[in-house]
Amino acid sequence: MLSGRLYWVPLLLALGVGSGSGGGGDSRQRRLFAAKVNKHKPWIETSYHGVITENNDTVILDPPLVALDKDAPVPFAGEICAFKIHGQELPFEAVVLNKTSGEGRLRAKSPIDCELQKEYTFIIQAYDCGAGPRETAWKKSHKAVVHIQVKDVNEFAPTFKEPAYKAVVTEGKIYDSILQVEAVDEDCSPQYSQICNYEIVTTDVPFAIDRNGNIRNTEKLSYDKQHQYEILVTAYDCGQKPAAQDTLVQVDVKPVCKPGWQDWTKRIEYQPGSGSMALFPSIHLEMCDGAVSSLQIIAELQTNYIGKGCDRETYSEKSLQKLCGASSGIIDLLPSPSAATNWTAGLLVDSSEMIFKFDGRQGAKIPDGIVPKNLTDQFTITMWMKHGPSPGVRAEKETILCNSDKTEMNRHHYALYVHNCRLVFLLRKDFDQADTFRPAEFHWKLDQICDKEWHYYVINVEFPVVTLYMDGATYEPYLVTNDWPIHPSHIAMQLTVGACWQGGEVTKPRFAQFFHGSLASLTIRPGKMESQKVMSCLQACKEGLDINSLESLGQGIKYHFNPSQSILVMEGDDIGNINRALQKVSYINSRQFPTAGVRRLKVSSKVQCFGEDVCISIPEVDAYVMVLQAIEPRITLRGTDHFWRPAAQFESARGVTLFPDIKIVSTFAKTEAPGDVKTTAPKSEVLEEMLHNLDFCDILVIGGDLDPRQECLELNHSELHQRHLDATNSTAGYSIYGVGSMSRYEQVLHHIRYRNWRPASLEARRFRIKCSELNGRYTSNEFNLEVSVLHEDRVSDKEHVNHLIVQPPFLQSVHHPESRSSIRRSSVVPSIATVVIIISVCMLVFVVAMGVYRVRIAHQHFIQETEAAKESEMDWDDSALTITVNPMEKHEGPGHGEDETEGEEEEEAEEDMSSSSGSDDSEEEEEEEGMGRGRHGQNGARQAQLEWDDSTLPY
């Protein structure tokens with residue numbers, strides 16, 4: 001190209017181009033020259049395709065931007081000076097890189113954003129440099145089309161259209177798509193603007209998602225297992241850039257509409273003493289829009305495993321009979337084991353409620369004299385029994401009660417037994433009572449006999465009619481067989497429980513026909529039948545179902561309770577009324593100390609639709625009542641535990657009152673939190689008093705039984721009857737029983753007296769009291785009492801020394817409860833030796849008061865008294881005596897001032913020694929004190945002149 005231009009230079013010089021001559025002619029010549037030199041237009045391609053990456057200024061064109069000119073190598077005419085872009089506000093410009101070669105470049109004037117515009121199309125032309133340096137007469141190329149595409153950069157992350165998604169599904173179904181989530185990307189290119197994948201971020205959930213954002217469940221959902229699921233979902237664009245923020249998807253599981261009871265609690269806690277408590281305060285029946293014509297509800301409280309079928313009072317049978325107003329004379333054949341009723345000691349006890357379990361290998365012999373031989377034509381047998389089917393095809397007889405020959409023969413005079421789930425009562429009369437064919441066996445066939453549940457049986461005998469009452473219902477025997485009376489004989493009879501005694505027809509007498517089951521409260525009442533009212537009371541449950549506010553049940557509701565109130569049946573035709581009625585059903589337990597534990601509760605329903613018998617099945621409500629443990633009482637006996645009485649009082653008609661000041665107090669521990677909530681101090685325990693009944697108090701003789709020939713315990717029966725209590729007396733002690741308040745028992749114990757007709761050889765008697773509530777479930781402390789006898793010589797001596805242990809009247813005596821016992825023991829009347837010494841001291845004081853003149857005589861008198869003491873084998877230690885003579889007192893008259901004070905102090909000392917004994921005892925003691933003062937009046941003047949210092953006496 002350079003050589004071409006050098007070639008044109010001489011030619012131009014020859015033609016005179018560039019000469020300065022010629023003036024106007026020169027310009028014309030130049031034009032002519034330019035026309036001759038710049039003959040051709042620049043040439044470029046007709047179209048260009050370019051690519052520019054956003055946020056960059058370089059455009060890559062295909063083909064490259066190059067302009068050619070045929071005038072080359074002529075200077076200016078053959079050079080390219082510019083590229084011009086035609087369009088408005090285009091962000092591009094074209095620049096010439098090399099004029100000679102015509103190379104150019106297309107570039108962006110400002111950053112290109114693909115999201116604003118993806119493509120650009122415009123026109124570009126090339127311009128040569130004209131004919132000279134002034135770029136005159138230049139020529140332009142044809143128009144070329146430039147198409148530029150902006151290349152995208154993945155600068156934006158996907159975003160979800162919704163911040164959260166929510167869906168509701170029905171349990172038990174598999175869905176193809178529960179809901180669809182959708183994300184977008186603001187990038188311009190398909191590669192970066194499209195969402196290529198979705199992903200569930202939350203792990204361990206039964207859901208999956210596809211590339212289109214459709215969420216489905218991978219397993220059947222259960223409302224009972226989980227009500228709601230919350231999962232996080234993210235999205236990826238095709239450049240694998242994740243979403244800037246995950247979205248929350250909430251899936252609610254809706255239960256399948258199933259007819260049934262809603263909003264009830266399986267565990268219901270019952271606090272003892274809280275009265276009637278609603279069982280289902282919010283329960284309602286869901287029918288799924290089904291129409292019903294009637295509805296029957298059966299609520300059942302199952303308590304057959306609590307005690308004897310339900311929570312009944314656990315007092316002894318005698319106490320229960322007394323509570324229910326039963327007639328007297330009832331004999332308990334299965335009492336609690338004790339010294340007087342020891343025949344039940346070897347039986348198996350099923351619980352603390354005196355339920356005896358018979359395993360088919362044991363029986364109990366009732367001692368002679370407990371039950372009379374002749375029951376008469378009227379008597380009653382009562383019992384609680386739980387019995388199951390007997391093993392074997394044809395089982396043996398299972399004896400409950402049997403009166404048979406003790407030896408030689410094997411005759412059954414009367415018996416009650418179970419045979420093949422039939423209850424049989426045998427009663428055979430003697431020939432002296434009847435000599436004709438008479439009814440002898442009475443049979444009852446009842447399903448309840450072998451249902452392994454507790455039932456209350458009462459057999460009322462009014463011969464020849466025998467009636468069975470079971471759980472309050474009357475049953476006549478289905479079979480009655482007759483037999484001849486038994487021939488009279490001299491053979492003794494043996495009454496047994498749990499088996500029958502076989503005394504004859506065997507090599508060795510033994511038990512036979514054993515009972516398998518449980519028995520409780522087996523009693524017999526000779527000579528009288530029990531009333532229906534008493535029988536209902538004895539079997540009454542203390543817990544059951546109840547209905548709060550019967551008047552608000554609403555119209556159209558019918559209800560019915562069974563006798564024990566363990567089953568409630570309600571009927572109605574309106575579901576709303578049934579719901580409100582069931583919400584008022586409550587549990588009640590009237591016992592102060594109920595049996596803790598579980599009571600199962602079931603509610604069954606029967607729905608009748610229009611024109612159909614039963615259309616909808618309603619699942620049972622299976623709940624339970626948890627009766628919490630009652631607060632256990634702490635029964636405490638308090639009173640004087642040691643006192644002395646003169647022998648004459650033991651011999652008197654009234655005897656000695658043993659417990660004049662005894663108190664029975666029951667407390668329970670209550671934990672109280674500290675007043676300041678912020679403090680960390682431990683909780684304090686406070687004892688609060690509570691009131692409840694007692695069912696017996698036993699007074700036992702300690703150190704050997706009473707000798708009925710010379711001593712006894714006495715109590716007026718009027719004291720018992722007016723307080724509705726009973727008692728039994730024996731040489732072992734006194735037992736007071738019957739359900740009564742603690743104050744009643746206190747009043748009765750205050751009147752217990754001890755008598756002894758021969759107290760000369762008696763030094764002391766010891767007794768022990770122990771009281772109980774609920775047949776030994778709660779027992780008191782063992783209160784021990786010791787009563788000492790003051791014999792005649794000691795009583796007289798006591799009058800001499802009482803004033804020695806009395807404090808001066810101006811000193812106040814402070815007694816500490818914990819030291820009362822020791823004070824009483826220190827107040828024991830001194831021995832005879834002490835009395836003799838006191839008399840000697842008094843004589844010595846008299847000698848000192850008379851003066852030096854009578855010293856020798858007083859000294860001789862003192863020696864005589866000392867010798868008399870030695871002859872009586874008494875030993876006196878007077879080393880610690882301190883005698884002070886008050887000369888001012890010798891001028892006072894005898895019996896003035898000091899005698900009165902001594903008399904008052906003697907009475908106070910006597911009251912302290914007797915420890916608040918009864919009024920009768922106090923009167924007798926005052927009489928004895930008067931006699932003592934009379935006997936010792938001669939020494940009154942001399943004692944009044946002495947001031948006695950007993951601070952060093954060693955007693």
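Only heavy atoms go into these numbers, but all of them, side chains included; no hydrogens, no water, no symmetry mates.
Under the 3.5 Å distance criterion, with hydrogens and angles disregarded, a donor-acceptor pair is assigned to the side chains of Asp698 and Ser735. With 3.5 Å as the limit, one finds a donor-acceptor pair spanning the side chains of Thr523 and Thr382. Side chains of Asp695 and Ser772: a donor-acceptor N/O pair is present below 3.5 angstrom, by distance only.
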Check against salt bridge (charged side-chain N to carboxylate O under 4.0 Å, His left out), Arg723 and Glu719: CA-CA 7 Å; Arg723 295 174 178 86; Glu719 300 292 342; 2.8 Å; yes
Derivation of the side chain to side chain contact (heavy atoms under 4.5 Å, CB included) call for Leu700 and Tyr734: CA-CA 7 Å; Leu700 301 178; Tyr734 214 100; over 6 Å; no
Residue pair Ile664, Ile635: steps toward the side chain to side chain contact (heavy atoms under 4.5 Å, CB included) verdict: CA-CA 7 Å; Ile664 305 176; Ile635 307 172; 4.1 Å; yes
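Residue Arg634 places its CZ atom among 12 or fewer non-hydrogen atoms of other residues, nucleotides or ligands, all under 6.0 Å distant.
By the ring pair (Phe, Tyr, Trp, His ring centres under 6.0 Å) test, His724 pairs with no residue at all, sequence neighbours left out. Remark: Phe593 pairs with His692, Tyr778 by the ring pair (Phe, Tyr, Trp, His ring centres under 6.0 Å) rule, at least two apart or across chains. By the side-chain hydrogen bond (donor to acceptor under 3.5 Å, both in side chains) test, Tyr754 is found to be paired with Glu711, Asn756, residues two or more places apart in sequence or in another chain being considered. Taking Phe356 as the reference, nothing meets the ring pair (Phe, Tyr, Trp, His ring centres under 6.0 Å) condition, with sequence neighbours excluded. Looking at residues two or more places apart in sequence or on another chain, you find no side-chain hydrogen bond (donor to acceptor under 3.5 Å, both in side chains) involving Ser590. Listed by chain and residue number, Arg753, Arg755 satisfy the side-chain hydrogen bond (donor to acceptor under 3.5 Å, both in side chains) test with Glu714 (two or more places apart in sequence, or in another chain).
Glu746 places no side-chain N or O within 3.5 Å of a backbone atom of Lys663 that could act as its donor or acceptor partner. Within the 3.5 Å criterion, the main-chain N or O of Gly655 finds a donor-acceptor partner in the side chain of Ser652. A donor-acceptor distance shorter than 3.5 angstrom exists from the side chain of Asn781 to the backbone of Leu637, with no hydrogens or angles considered.
Closest of all the heavy-atom pairs between Leu785 and Leu658 is CD2-O, 3.2 Å.
Residue Ser788 forms a side-chain hydrogen bond (donor to acceptor under 3.5 Å, both in side chains) with just one option from Glu763, Arg645, His642, and that option is His642.
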